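Here is how names work: the chains are called A, B, and so on, in the same order as the sequence lines, proteins then strands, and each is numbered from 1. What you are looking at is a predicted structure, and each value in this text was computed from that prediction instead of being measured.
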2 protein chains.
Amino acid sequence: MGRKASVDDEQLMDRLSCVFRDVGYEGATLAMLSEATGLKKASLYHRFPGGKEQMAREVLDSAGVWLEEHILAPLKGDGAPADRVKEMARQLDAFYSGGKQACLLNMLSSARIHEGPFTKAIKQIFEAWIEALAAVMADAGVDKREARNRAERGVIMLQGSLVFSRGMGTTRPFREFLKSLPNELLGGEL
Amino acid sequence: MGRKASVDDEQLMDRLSCVFRDVGYEGATLAMLSEATGLKKASLYHRFPGGKEQMAREVLDSAGVWLEEHILAPLKGDGAPADRVKEMARQLDAFYSGGKQACLLNMLSSARIHEGPFTKAIKQIFEAWIEALAAVMADAGVDKREARNRAERGVIMLQGSLVFSRGMGTTRPFREFLKSLPNELLGGEL
DNA sequence: TGAGTTATACCGATCGTTCGGTAATAGTCA
DNA sequence: TGACTATTACCGAACGATCGGTATAACTCA
């Protein structure tokens, strides 16, 4: 068949994701996306006929897949609840580069594209995440309602610690959050 | 001497702030800022010779002043610690329109302007806020180190709840955060 | 070869910005 | 009081640059 791509889809997603996470949707220009991927604009349009919006959309979708594989699946595993949570923390640490990289869910939820193509996907990811977290806590014997509260708080603190870390110019808040997360979720039940 | 302004400085700041909080720095266009303020682009440049960057910078500065007046001053008041925290919650509820509006500190800390003109101001605001919060808790008898931890957690949860609320399309998380804030800060000392 | 991939060149639109000029107020002096 | 001037606020039109996007040709390799 044809010629092989100089950048495989996975690398492509990673590099596009990096740009969107750094500067958001509006901040990301095709020039930046081109430089980050090593592909010229026209080549990007070959891979993403839908343009910048499709790129962001697919990056968001692949983030959803990543969450499913690296976070939700381990959370639904059969180890001890505390171990599953600790595994999640490990994965999060890698995903956010120890707090250096922002969260796509925050960076892509600007109001410019109000009720736009991203809002639904973002909401779904948040919901799936919280549900899986609540399920783990339920396994650990936490009351269902309390489990949901703690799950939301966990996600909220993740987002907040990333925002705060970026604002303060240090990754310490994020790292401390990760450390406190298991106890935060399974506090009275360890 | 000259002609009186059709929009006073305070209104101007409020309307510019609204745009930056909605769509961030890169997302905000002169066209949007012009429409939001009722001033034509050229008139905006009369008020802000430094252009868009000066607008964002002054909006950020005026947010710092607002924090000083409406948050830090009450926190340093002479009422009961719990009352001071509750007053802060009231002010925050108004400032963020019950969770409908995002935080400038989050929206202006994109990496596009890395180490740019906003980072220092953002950091200062975060620091002043946390210090004032920690002081209130110290007044309530909370251990100094613990007070600082809780203060940071408070700010982190504020940011996180705003991000989460926006992502989920509901203000409930923010409102619940506000409700839980006094107990979160002064939990064991009420 | 010929399908698949990348590159060069280009497009209209919009970006942030600037400039020349006009509208409106305040002070001056008759 | 009322023309004149100074000063400030505002706006229409245009700037160069860059935006996202699109042709079409050149290259690569099964």
- Would you find more than 12 non-hydrogen atoms of other residues, nucleotides or ligands less than 6.0 Å from A:Glu146 atom CD? yes

- Any chance CD of A:Glu127 has more than 12 other-residue heavy atoms, nucleotides or ligands included, within less than 6.0 Å? yes

- Task: Report the nucleotide, chosen from C:dT17, D:dC19, C:dA7, that has the shortest atom-to-atom distance to any side-chain atom of B:Tyr45.
- Result: C:dT17

- Item | Listed nucleotide nearest any side-chain atom of B:Lys41, set D:dA14, D:dC10, C:dA7 | D:dA14

[X] side chain near [N] phosphate (N/O to OP1/OP2, under 4.0 Å):
X: B:Ser6; N: D:dA9; answer: no
X: B:Ser43; N: D:dC11; answer: yes
X: A:Arg47; N: C:dT6; answer: yes
X: A:Lys40; N: C:dT6; answer: no
X: B:His46; N: D:dC10; answer: no

- Message: On DNA chain C, compare the nucleotides closest to B:Pro49 and B:Arg3; which residue's is nearer the 5' end?
- Response: B:Pro49

To the nearest angstrom, how far is [X] atom [atom1] from [N] atom [atom2]?
X: B:Lys4; N: D:dT8; atom1: NZ; atom2: P; result: 17 Å
X: A:Leu33; N: D:dG20; atom1: CG; atom2: P; result: 8 Å
X: B:Leu30; N: C:dG16; atom1: CG; atom2: P; result: 5 Å
X: B:Phe48; N: D:dA9; atom1: CZ; atom2: C1'; result: 13 Å
X: A:Leu44; N: D:dG20; atom1: CG; atom2: P; result: 11 Å

- Could you check A:Tyr25 against A:Phe118 for ring-ring contact (aromatic ring centres under 6.0 Å, His included), going step by step and ending with a plain yes or no? CA-CA 10 Å; A:Tyr25 183 76; A:Phe118 309 136; 5.3 Å; yes

- Indicate, yes or no, whether a donor-acceptor pair under 3.5 Å links the base of D:dG21 to the side chain of A:Lys52. no

- Message: Please classify the nucleic acid contact of B:Ala5 as base, sugar-phosphate, or nothing, using heavy-atom distances under 4.0 Å.
- Response: sugar-phosphate

